[in-house]
A.B. asks: 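For reference, the structure I am asking about is given below.
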Amino acid sequence: MSVIDHDAIALSSPRISEAEVGDYFALLKPRVMSLVIFTALVGLAIAPGHFHPVLAFTSLLCIAVGAGASGALNMALEGDIDAKMVRTANRPIPRGKVTQAEALAFGSTLAFFSVLTLGILVNWYAGALLAFTIFFYVVIYTMWLKRWTAQNIVIGGAAGALPPVVAWVAATGSLAPEPLLLFLIIFFWTPPHFWALALFRSDDYARAGVPMLPVVAGPDATRLQILLYTIVLVAIAVSPWPLGYFDAVYGVISLLLGAGMLVLAANVFRRRERTASLRATRKLFAFSILYLFVLFATLLAEVVVRAAAPLIGSWFV
Amino acid sequence: MGAHAEEMAEQEPDGIVLTEAQKRSRRQRSIAIALALGVLVVLFFAVTLVKGPAVLNRPL
């Protein structure tokens, strides 16, 4: 008998990563990041006063990287859920390309540098708000709410709604009603959007044990909640016009788009037969993306037109 | 050089030998990290130029 147990100290060969840059890029959730960049850009654009383009670019970059960091940390903490769902089974961690530890290190590094850079180069209010956004998404939503309550995406939606507020604070160093209105629009847009997705992916969520509303309360209760949240969303999205924050072009487009959202949400509520219900839900999901994009694009276009008007006027003089 | 050392030198290296795929992905990752650090340096330099002396003025 040997004094040393050679089996116990035999080292397994270390894992050498074959992860490519594309795998790490996928950890950033680029599609979510593009929406974050766009809404933050609108937050910057509607902010009053002059903001140097280099600082605006720096702010956008930091917000984008912060959002990417949140995505990477979310994937690191949800590898077990992702592996069970068809929609997410192809992500880098379930595929074995990136380990949980690597994703955690990657996400933490990006989060640290995005907050630090925004704080040092732009202002610390914006840096602190970006840090809070990342904390809210990773700790409050991913680690706590997601696996615990059917209201996960309602409360967690606050993290996705904060980027235009961070951008506004980066540009002005203070808060105002306008970015809070943008926050409210995204906040109330999130439940109908994600519950539409959850309705046609409810088997996926049930298999993964995620308590999404259709899994916990059933599809009919979800359809009612979608309709109610859509009514609130449309009212909030139109409100900046009568309140005098955004002008009539925004108001009219918001009304038209809101009517579309209401019709589609009502369709989701009415259609209960499987095929028709599935079609109605997919339509609402697709239209909700267009709704938010066009609403924010209108605000952006108004700012561009207002800035370009004196130049265009001077050509005709 | 002693006989033992010569013998060692003739032997194949017995450390971890990376496959071509591992080498390629490591190189890709290294380049990406270098580019990211380069962007960070350029960003800090550009903002220093933009802010001028105000870069030292750092109110909350």
Side-chain angles (χ1 to χ4, degrees), chain A residues 11-28 50-65 68-69 72 92 96-98 102-103 105-106 109-110 112-129 169-170 172-174, chain B:
Chain A
L11 296 172
S12 58
S13 56
R15 177 189 172 276
I16 309 290
S17 175
E18 285 187 20
E20 291 172 9
V21 174
D23 296 313
Y24 280 94
F25 186 67
L27 285 178
L28 302 176
H50 174 72
F51 195 42
H52 196 286
V54 171
L55 294 178
F57 172 78
T58 305
S59 305
L60 272 185
L61 185 68
C62 290
I63 294 168
V65 173
K97 295 289 275 186
V98 179
E102 287 163 351
F106 179 62
T109 307
L110 291 186
F112 177 77
F113 277 102
S114 62
V115 170
L116 196 73
T117 307
L118 189 62
I120 290 174
L121 297 186
V122 183
N123 70 58
W124 281 106
Y125 288 127
L129 198 54
V169 173
T172 64
S174 62
Chain B
M1 197 152 68
H4 180 67
E6 276 176 24
E7 192 181 318
M8 289 287 286
E10 282 168 12
Q11 281 177 358
E12 287 289 309
D14 59 353
I16 297 163
V17 180
L18 300 187
T19 64
E20 279 309 308
Q22 286 166 344
K23 279 183 192 167
R24 196 173 51 246
S25 61
R26 186 179 63 174
R27 183 173 162 74
Q28 267 188 23
R29 294 196 302 268
S30 302
I31 291 170
I33 292 169
L35 286 175
L37 289 174
V39 167
L40 203 59
V41 169
V42 171
L43 202 64
F44 271 76
F45 182 64
V47 173
T48 309
L49 290 183
V50 166
K51 285 193 167 180
V55 77
L56 296 173
N57 179 14
R58 196 170 298 292
L60 256 182

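Bear in mind the structure is a predicted one, so any value in this text is a computation, not a measurement. A, B, ... follow the sequence lines: proteins, then strands. Residue 1 opens every chain.
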A.B. asks: Does Phe113(A) CZ have over 12 foreign heavy atoms under 6.0 Å away?
C.D. replies: no
A.B. asks: Given that the side chain runs from C-beta out, which part of Leu49(B) has a heavy atom under 4.5 Å from chain A: side chain, backbone, both or neither?
C.D. replies: neither
A.B. asks: Please identify, among Asp23(A), Leu61(A), Ile16(A), Thr58(A), the residue contributing the most non-hydrogen atom pairs under 4.5 Å to chain B.
C.D. replies: Ile16(A)
A.B. asks: Can I get a per-line list of side-chain donor-acceptor pairs under 3.5 Å for residues 27-44 of chain B, giving both atom names and the distance, sequence neighbours left out?
C.D. replies:
| from | atom 1 | to | atom 2 | distance (Å) |
| --- | --- | --- | --- | --- |
| Gln28(B) | OE1 | Val21(A) | N | 3.3 |
| Arg29(B) | NH1 | Ser17(A) | OG | 3.4 |
| Arg29(B) | NH1 | Ala19(A) | O | 2.7 |
| Ser30(B) | OG | Arg26(B) | O | 2.8 |

A.B. asks: Heavy atoms only: give me the nearest Thr19(B)-Glu18(A) pair and the separation to one decimal.
C.D. replies: OG1-OE2, 4.1 Å
A.B. asks: At a heavy-atom separation under 4.5 Å, does Leu55(A) approach chain B through its side chain, its backbone, both, or neither?
C.D. replies: side chain
